[in-house]
Trainee: 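After the structure tokens below, expect a handful of questions from me.
Keep in mind the model is a prediction, meaning the values are calculated, not measured. Reckoned from all heavy atoms, side chains included, excluding hydrogens, waters and symmetry mates.
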Amino acid sequence: MKYRKFINENINISILGFGCMRFPLYDSNDNGSINKEKSFEMLKYAFDSGINYFDTAYTYHDGQSEVFMGEAIKKLGRDKLYLATKMPLWLCKEYSDYENIFEEQLEKLQTKYIDFYLAHSLGENSYRKMVENNIFDFFDKERKSGRMKYVGFSFHDNLELFKEVVDSYSWDFCQIQLNYMDENYQAGVEGLRYAKSKGLSVVVMEPVKGGFLANGPKEVKDYFKNLDKEYSMAQWALKWVYNFNEVSLALSGMSNLDQVKENIEIASKSEPNSLDLKELETINKVKEFFNSKTKIACTACEYCLPCPEGVQIPSIFSKYNNAIIYDKKDRYKKEYISLVEENKDASLCVECRQCESICPQSLNVIDTLKEANDYFIGCVESFL
């Protein structure tokens, strides 16, 4: 495992961090039903292979990720790893909510302190609200108490706001979305370099774009095959992120042991500025191909769930994108019809726009649901 300095010279962080939001489940219809045996096997393998950064959040796996991680880190050894979790700003109406939720998190995680604590999913509205609610006073208090070692934020909005947030407080680090498809999206590469210039360490999330860059059609695979290196598409995506010396680590929300092994393999071989011109040009060609095919840039973060009407938004978008990119309409139409039979399809949308208000990607969810429904089974009455 490779390590990079994080925040100060005394902290060595594995360049691959374990994102605890996509564990295997006992029941695929119950996101809180974490398969503890398989999930701990993954964590243990990662830990034994040198991963020392584990990232969870209050809402991951319907609130069960923190509970499971509390059990897991006791077995792995609390003082042998770094733990990150986050404050769900959208659930906080007043200052006391910060205090109550943080106490609950410490209890669930069975720990007396959090190594790296983040304000979760900052956007324009959530940022203004947290400032109004004096969250910086809360951070100062918990830093002084020793229960928060370092404070940061995760971000999903535009570059201008990102720079404002960076300059607003004595942050230790930040977490941004970055992959070769999102080079100029949200904070992007410019934001990465701005944060680093201001003394913040940078964590990258969605390096494989929610798994979207882990697979592709024959044209894409042929691009990479021409490089004569036995790397998977997911590994090339990670290598692109690791090529930036401003990146301290990349988080991956791994969902099976094979993914853990694959990502560890490439993390052990990745250095800053190690991609050559031919490799960078190849990745740009792949980017151009995907841009020409993708219908909606959903990362399956599931912030839009649960939908009040039961619409399985990320699943629908995944099927829509995959059907177009891989030219597999018949296959994904069958899967979409299964959603219809389960009353989870796009036709149930009543256009309340709750999903659009919370979407970190600021996607046009409603119109794309209509497109997907029309593509698979034709327009329905509720959309007329």
Trainee: Looking at Ile15, Leu249, Val247, which one forms a side chain to side chain contact (heavy atoms under 4.5 Å, CB included) with Val241?
Mentor: Val247
Trainee: Mind running side-chain hydrogen bond (donor to acceptor under 3.5 Å, both in side chains) on Tyr98 and Glu103 for me, showing each step along the way?
Mentor: CA-CA 9 Å; Tyr98 302 141; Glu103 294 294 342; over 6 Å; no
Trainee: Report the residues that fulfil ring pair (Phe, Tyr, Trp, His ring centres under 6.0 Å) with Tyr375, sequence neighbours left out, ordered by chain and then residue number.
Mentor: Tyr320
Trainee: Suppose we screen for salt bridge (Lys or Arg N to Asp or Glu O under 4.0 Å). Which residues come up paired with Lys285, at least two apart in sequence or across chains?
Mentor: none
Trainee: Output yes when Lys269 and Glu265 qualify as a salt bridge under the 4.0 Å nitrogen-oxygen rule, no when they do not.
Mentor: yes
Trainee: So how far is it from Ser255 OG to Asn35 CG, rounded to the nearest 0.5 Å?
Mentor: 12.0 Å
Trainee: Can you find a side-chain donor-acceptor pair between Thr282 and Lys278 that sits under 3.5 Å?
Mentor: no
Trainee: Is it true that, when you exclude Glu104 itself, more than 12 heavy atoms of the residues, nucleotides or ligands shown sit nearer than 6.0 Å to its CD?
Mentor: yes
Trainee: Looking at residues at least two apart in the chain, or sitting in another chain, which of them share a salt bridge (Lys or Arg N to Asp or Glu O under 4.0 Å) with Lys163?
Mentor: Glu190
Trainee: Cut-off 3.5 Å, no hydrogens considered: what does the side-chain donor-acceptor table look like for residues 130-141, sequence neighbours left out?
Mentor:
from, atom 1, to, atom 2, distance (Å)
Asn133, ND2, Lys93, O, 3.3
Asp140, OD1, Tyr169, OH, 2.7
Lys141, NZ, Glu99, OE2, 2.8

Trainee: Determine, using ring centers only, whether Phe102 and Tyr117 are less than 6.0 Å apart.
Mentor: yes
Trainee: Indicate, with yes or no, if Val202 and Phe155 share a hydrophobic cluster defined by side-chain heavy-atom contacts under 4.5 Å among Ile, Leu, Val, Met, Phe, Trp and Tyr.
Mentor: yes
Trainee: Heavy-atom distance under 4.5 Å between the side chains of Val203 and Phe6, does that happen here?
Mentor: yes
Trainee: Is any side-chain N of the basic residue among Lys344 and Glu309 closer than 4.0 Å to the acidic one's carboxylate O?
Mentor: no
Trainee: Is there a donor-acceptor contact under 3.5 Å linking the side chains of Gln354 and Ser357?
Mentor: no
Trainee: How long is the straight-line distance from CG of Asn12 back to OH of Tyr53, given to the nearest 0.5 Å?
Mentor: 14.5 Å
Trainee: Under 6.0 Å from the NZ atom of Lys5, do we count more than 12 heavy atoms belonging to anything else shown?
Mentor: yes
Trainee: Shortest non-hydrogen contact from Ile313 to Cys304?
Mentor: CB-SG, 3.8 Å
Trainee: Let me confirm one number: the CD1-CD distance from Ile283 to Glu288, rounded to the nearest 0.5 Å.
Mentor: 12.5 Å
Trainee: Could you tell me which non-hydrogen atom of Val311 sits nearest to which non-hydrogen atom of Ala346, and how far apart they are?
Mentor: CG1-CA, 4.1 Å
Trainee: Before giving the answer on salt bridge (charged side-chain N to carboxylate O under 4.0 Å, His left out), spell out for Lys218 and Asp222 the whole-Å C-alpha distance, their side-chain angles and the decisive distance to 0.1 Å.
Mentor: CA-CA 6 Å; Lys218 183 178 183 299; Asp222 285 346; 2.7 Å; yes
Trainee: Could you grab the distance from atom CD of Glu66 to atom CG of Leu109, nearest 0.5 Å is fine?
Mentor: 4.5 Å
Trainee: Any Lys/Arg nitrogen of Lys334 or Asp330 sitting under 4.0 Å from an Asp/Glu carboxylate oxygen of the other?
Mentor: no
Trainee: Hey, are Lys149 and Asp172 close enough for a salt bridge, meaning a charged N less than 4.0 Å from a carboxylate O?
Mentor: no
Trainee: Please answer: with hydrophobic residues joined when any side-chain heavy atoms are less than 4.5 Å apart, are Leu83 and Leu43 in the same cluster?
Mentor: yes
Trainee: Which pair of non-hydrogen atoms, one from Gly32 and one from Asp62, has the smallest distance, and what is that distance?
Mentor: N-OD2, 3.6 Å
Trainee: Donor-acceptor check, side chain of Ser65 to backbone of Tyr60, threshold 3.5 angstrom: yes or no?
Mentor: no
Trainee: Name each donor-acceptor pair under 3.5 Å that joins a side chain in residues 67-79 to protein atoms two or more places apart or in another chain, with its distance.
Mentor:
from, atom 1, to, atom 2, distance (Å)
Lys74, NZ, Gln110, OE1, 3.4
Arg78, NE, Thr111, OG1, 2.9
Arg78, NH1, Leu81, O, 3.4
Arg78, NH1, Asp115, OD2, 3.0
Arg78, NH2, Tyr113, O, 3.0
Arg78, NH2, Asp115, OD2, 3.0

Trainee: Hey, is NZ on Lys36 packed in by over 12 heavy atoms from elsewhere, all under 6.0 Å?
Mentor: no
Trainee: So, Trp171 side chain and Val165 main chain: donor-acceptor pair closer than 3.5 Å or not?
Mentor: yes
Trainee: Mind checking the CD-NZ spacing from Glu219 to Lys293? Nearest 0.5 Å is all I need.
Mentor: 6.5 Å
Trainee: Any chance the side chains of Tyr332 and Asn321 put a donor and an acceptor closer than 3.5 Å?
Mentor: no
Trainee: Tell me whether Tyr223 contacts the main-chain N or O of Phe289 through its side chain, where contact means a donor paired with an acceptor under 3.5 Å.
Mentor: no
Trainee: For Tyr82, what residues pass the ring pair (Phe, Tyr, Trp, His ring centres under 6.0 Å) criterion, not counting sequence neighbours?
Mentor: Phe116
Trainee: Between Glu356 and Arg353, does the salt bridge (charged side-chain N to carboxylate O under 4.0 Å, His left out) criterion hold? Intermediate values first, please.
Mentor: CA-CA 5 Å; Glu356 292 187 346; Arg353 301 194 183 277; 3.0 Å; yes
Trainee: Suppose we screen for salt bridge (Lys or Arg N to Asp or Glu O under 4.0 Å). Which residues come up paired with Glu246, at least two apart in sequence or across chains?
Mentor: Arg193
Trainee: Would you mind writing out the side-chain donor-acceptor pairs for residues 294-303 within the sub-3.5 Å range, not counting sequence neighbours?
Mentor:
from, atom 1, to, atom 2, distance (Å)
Thr294, OG1, Phe290, O, 2.9
Tyr303, OH, His120, NE2, 2.7

Trainee: Quick one: list whatever passes ring pair (Phe, Tyr, Trp, His ring centres under 6.0 Å) with His61, sequence neighbours left out.
Mentor: Phe23
Trainee: Nearest 0.5 angstrom please: Ile114 CD1 to Thr85 OG1, how far?
Mentor: 6.0 Å
Trainee: At their closest point, which heavy atom of Met42 faces which heavy atom of Pro24, and how far apart are they?
Mentor: SD-CD, 3.6 Å
Trainee: Inspect the contact between Lys38 and Glu41 and indicate whether a charged nitrogen and a carboxylate oxygen are less than 4.0 angstrom apart.
Mentor: no
Trainee: Just jot down the ring pair (Phe, Tyr, Trp, His ring centres under 6.0 Å) partners of Tyr185, sequence neighbours excluded, or say none.
Mentor: none
Trainee: Are the side chains of Phe18 and Asn52 in contact, using a 4.5 Å heavy-atom criterion?
Mentor: no
Trainee: What heavy-atom pair brings Ser274 and Lys239 nearest, and what distance separates the two atoms?
Mentor: OG-NZ, 4.1 Å
Trainee: So does Glu230 have more than 12 non-hydrogen atoms from other groups sitting under 6.0 Å from CD?
Mentor: no
Trainee: Examine Met205 and Leu118 and state if one hydrophobic cluster contains both, with Ile, Leu, Val, Met, Phe, Trp and Tyr joined whenever side-chain heavy atoms are less than 4.5 Å apart.
Mentor: no
Trainee: Restricting to side-chain contact (heavy atoms from CB on, under 4.5 Å), what partner residues turn up for Ser170, sequence neighbours left out?
Mentor: Arg143
Trainee: Check whether any side-chain heavy atom of Lys86 lies under 4.5 Å from a side-chain heavy atom of Asp55, and answer yes or no.
Mentor: yes
Trainee: What pairs with Glu183 under salt bridge (Lys or Arg N to Asp or Glu O under 4.0 Å), at least two apart in sequence or on another chain?
Mentor: Lys287
Trainee: Under the side-chain hydrogen bond (donor to acceptor under 3.5 Å, both in side chains) rule, what do Gln177 and Asp182 come out as? Steps first, then yes or no, please.
Mentor: CA-CA 8 Å; Gln177 176 172 321; Asp182 294 328; 2.6 Å; yes
